[in-house]
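One structure is given here, and the rest of the page talks about it.
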Amino acid sequence: MTALAALLSHWRRHPLQLAMLLLGLALATALWSGVQAINAEARAAYARAASVLGQDRLDRLVGPLTVTRYAELRREGWPVSPVLEGRLDGLRVLGIEPLTLPQGAGVAALPDLAEAGGLLEGRAARVAPDTPAEALAGLELVRSDDLPPGTVLADIGLAERLLARPGEITALILDPARPLPGPIPDDLTLQRAAPEDGLARLTDSFHLNLTAFGFLAFAVGIFIVHSAVGLAFEQRRPVFRTLRSLGVSARGLAGLVLGELLLLALVAGVAGVAMGYAVAAALLPDVAATLGGLYGAPVPGSLGLRAEWWATGIAMAVAGTLVAAAGGLWQVWRLPILASAQPRAWGRANARARRMQALAGLALWAGAGLALVLGQGLWAGFAVLAGLLLGAALVLPLVLGGLLALVGARARGVLTGWFWADTRQQLPGLSLALMALLLAVAANVGVGTMVASFRTTFTGWLDQRLASELYVTAPDTETAAAMRVWLQPKVQAILPIVEADQMLGGQPGSVYGVADHATYRENWPLLAAVPAVWDQVRDGTGLLVNEQMARRQGLALGDPVDLAGGPLPVVGVYSDYGNPSPQVMLGLAAFRARYPQAPELRFALRVPPGEVAALASALGDRFALEDGALVDQAGVKAFSLQVFERTFAVTGALNLLTLGVAALAMLASLLTLAGLRLPQLAPVWAMGLTRGRLAALDLARTLVLAALTAVLALPLGLALAWVLLAVVNVEAFGWRLPMQVFPGDWLRLGLAALAAAAVAGALPALRLARTHPAAMLRVFANER
Amino acid sequence: MGRNVLQIDDVHKSYPTAEGAVAVLTGVSLALAAGESVALTGESGSGKSTLLHLAGGLDRPDRGEVTVAGVALSGLEDAGLARVRRDRIGIVFQQFNLIPSLTVAANLSFQARLAGRQDQGWERHLAGALGLSALLGRYPDELSGGQQQRVAIGRALAGRPGLILADEPTGNLDETTGEAVLALMLGLVAEAGAALLIVTHSDRLAGRLERRLHLRGGRFA
């Protein structure tokens with residue numbers, strides 16, 4: 001205990017160092033655990049949603065359905081449960097039959113028997129919080145976080161009454177756990193469940209980005225910890241030797257230091273997780289809106305407390321501290337008792353060490369290059385990212401040193417010459433903080449470019465893909481035929497969209513038939529195509545494939561694709577963001593010839609933009625269309641843009657936090673260096689420079705280093721964006737987004753980095769400007 | 001002998017401590033003419049370095065006046081004091097205090113260039129006289145203690161200031177090297193026509209200067 005007290009007394013005498021260590025670790029943990037909290041909350045929400053509203057994730061039978069037909073099917077042993085869907089005053093009403101509902105398709109919505117009783121008797125309905133209840137007067141309403149806003153879950157009988165559709169059934173859900181008694185009856189159509197991994201993969205892309213951001217922020221925070229712990233080790237070297245010479249064993253000493261570190265890590269870890277909760281709570285509403293809007297993934301906008309991320313957050317803090325302190329601990333373990341007790345200047349790595357470090361960085365780059373060329377899968381993508389970022393951080397001091405030497409050699413004035421030489425000399429002490437800044441700015445550029453590229457590409461793609469003003473899906477072929485007749489005089493064009501399931505290259509996929517029309521010829525987002533591609537599609541001599549199918553199956557233009565009725569060559573490849581499955585497009589005539597049984601239920605309608613709303617309303621009323629049967633192009637686009645604005649809000653907040661952590665790393669280093677700087681600055685002061693001028697030069701030095709680092713971070717960030725867009729995205733999701741650059745964003749980011757550096761440099765500069773002459777004089781004299 | 005290069009009139013200086021203020025100088029006066037050399041001696045803590053710092057405009061007295069080359073320092077702000085230090089005074093420190101990021105050549109000329117008075121011929125002469133000609137491209141950490149102190153002396157003299165202040169200039173050197181460095185400094189100060197004030201513990205060094213002043217109890221004995 002005595003030895004531990006001697007060790008801990010260091011922190012009492014250096015409270016700022018302790019504060020930096022704890023704050024750095026707490027912030028790093030906060031960002032990491034905050035992001036993890038958001039991810040955990042969102043994933044839990046998907047799981048809940050899958051169990052509450054899992055109907056579209058189960059196979060269903062559709063067609064002319066009545067209660068009588070349902071009863072017949074049940075008697076024949078069909079494991080089906082009826083669902084009635086409809087809209088009431090803007091609410092989505094979902095009628096279910098709790099007793100026959102398959103496991104995993106709604107039980108979570110019925111938490112207790114009493115409520116189930118209420119539902120069965122048609123007295124009660126479950127609604128999402130904040131759902132306006134005027135239309136549900138007289139009902140017993142149970143508010144539930146499990147439901148998306150605007151959804152009413154009720155017994156099918158009550159739903160019939162609410163929707164005034166007695167005896168109707170929208171679909172019959174098939175219980176996946178029970179076998180079907182025979183082939184699907186002719187009067188019904190089997191609708192396959194939407195592939196669940198589609199949503200998971202799409203949302204995974206968002207979570208992957210968040211996790212990458214969280215991890216980078218954590219890494220930046222660990223730089224602060226490394227810096228603070230390293231300095232504390234250096235300053236306590238004489239104490240360590242004294243303790244060793246007084247009889248403390250090397251193992252005992254290392255154990256004591258380890259214990260001290262664990263204590264600090266626990267304190268900072270708990271604080272960090274608590275701060276992370278605040279970060280997550282602040283960001284979750286925007287994340288929820290992003291996921292809900294972009295991918296239809298329902299996530300509540302409020303945060304629950306989960307034991308697992310408290311545990312993982314604190315574990316990360318402890319692991320990060322041990323990683324950051326591993327070098328110091330090793331030195332304590334190996335410390336020779338009789339070596340000189342003169343403390344070395346912390347961070348003053350010699351030139352050879354810097355060259356070795358740069359060589360290690362180059363080796364990491366080479367490894368990243370190899371992973372890029374030879375590697376496969378998502379892990380190869382992550383290996384490229386890790387090698388690229390870590391390599392750049394290691395090479396940075398040498399590159400900065402070279403740049404400063406180059407500029408310094410051209411300096412003519414005495415002060416400018418000293419400024420550049422001195423800046424170069426400060427480099428080793430500041431290099432850790434500058435590495436942190438490099439990573440923060442590069443992450444900002446990289447993730448910002450990726451998100452902005454995604455937004456631009458996705459909205460442009462929506463413009464192309466949703467070129468028609470209105471999309472309508474009829475419930476059956478009779479309605480579709482009637483709809484065509486009704487629509488004919490009211491629209492500029494009716495473009496049928498027909499679809500059939502087809503195994504494509506061994507994977508379940510879809511084949512679409514499209515009409516030959518300028519809507520496609522002028523707008524369809526083709527990534528590659530042969531000349532006169534649309535003529536070949538129209539004539540049935542070629543087909544189009546989506547990008548993910550072309551990439552996964554290695555298809556090039558001219559390669560054959562097997563279809564019902566024989567293979568056809570690929571004449572074009574189109575982008576198809578958001579769809580994980582392979583897809584093929586044929587001319588309408590060729591499609592009808594090859595898939596004659598496919599019903600023609602869906603149409604794209606060309607309508608003058610001003611008439612869309614009126615037509616949609618009239619169409620919906622005339623044919624009693626269900627929710628989702630009408631898709632308004634303008635609404636979808638506006639909504640997508642709104643979603644992206646929220647995504648930007650999330651990434652913007654994370655950007656700011658990461659830069660904040662980097663600024664803190666700089667502040668920690670500058671404060672550390674301030675004490676070591678005085679002997680270098682005092683002679684210059686004595687020779688005739690004021691403290692104010694020296695402080696201004698010191699601040700300028702910080703800004704110059706930050707600016708150079710930010711400039712160097714730009715190509716690194718763009719490389720990061722390229723890897724994310726062209727490697728990680730392709731490996732994870734099958735499509736490659738074209739990278740677009742946004743110099744305006746870089747300028748704003750550069751200014752933000754300089755502002756962060758200015759904030760970090762201001763306090764040490766202010767302290768220097770206010771340094772009492774007596775402190776300067778102590779440099780020169782040991783006596784008075 | 002013309003106007004005094006350094007005039008110190010009844011200066012007082014005390015430092016705050018945990019036990020209250022400790023008076024270090026209690027009414028010290030001194031005048032130093034151009035070309036004159038004075039040794040300042042005394043016990044540890046007698047106030048020698050404090051007096052040197054006041055003379056160099058590095059610190060301010062609690063009371064009294066310090067005048068350098070006719071300029072009263074008490075009326076000057078930080079920038080004015082810095083200008084006096086830059087233009088009028090050369091200081092040689094015991095710890096040498098060279099600028100580690102600059103070469104010997106850049107260190108030698110640093111203050112002269114700051115003052116806008118670089119004379120390359122004089123610098124070459126100084127470098128030759130101090131035995132530094134072959135070392136001009138080196139950095140301070142590549143030099144011995146004696147070499148570093150010679151650079152510090154050259155730096156103080158390069159701008160031809162009227163007043164040279166030296167705080168134990170040979171205190172960190174062995175006896176032989178110290179002797180050689182001192183001889184060089186005295187010769188070059190005389191050649192430059194500057195006034196010299198040296199703080200030292202060494203009777204032998206003090207004996208080689210024109211005057212010797214001994215501080216005791218905050219006053220000249």
| field | B/Ala106 versus chain A, the contacting section by heavy-atom distance below 4.5 Å | value | neither
| field | Engaged part of A/Leu415 at the chain B interface, taking heavy atoms whose separation is under 4.5 Å | value | side chain
| note | Scored by heavy-atom pairs under 4.5 Å with chain A, the best of B/Gln118, B/Arg113, B/Arg83 is B/Arg113
| Would B/Asp78 and A/Arg693 satisfy salt bridge (charged side-chain N to carboxylate O under 4.0 Å, His left out), going step by step from the backbone distance to the final call? | CA-CA 10 Å; B/Asp78 244 21; A/Arg693 188 115 185 252; over 6 Å; no
| Strictly by modelled atom types, are B/Gln147 and B/Arg150 linked by a side-chain donor-acceptor pair under 3.5 Å? | no
| query | By a 4.5 Å heavy-atom criterion (distance strictly below it), what part of B/Ile99 contacts chain A: side chain, backbone, both, or neither? | reply | side chain
| Between B/Gly171, B/Pro100, B/Ala79, the one whose heavy-atom pairs under 4.5 Å with chain A are most numerous | B/Pro100
| If every non-hydrogen atom of B/Asp10 is compared with every non-hydrogen atom of B/Gly27, which pair is closest and at what distance? | OD1-CA, 3.1 Å
| Proximal component of A/Trp420, with respect to chain B [non-hydrogen, under 4.5 Å] | neither
| pair B/Phe96-B/Val151: side-chain heavy atoms closer than 4.5 Å | no
| Residue pair B/Ile89 / B/Ala55: nearest heavy atoms and the distance that separates them | CD1-O, 3.9 Å
| So which part of B/Arg60 gets closer than 4.5 Å to some heavy atom of chain A, the side chain, the backbone, both or neither? | neither
| With B/Phe93, which residues qualify under ring pair (Phe, Tyr, Trp, His ring centres under 6.0 Å), at least two apart? | A/Phe780
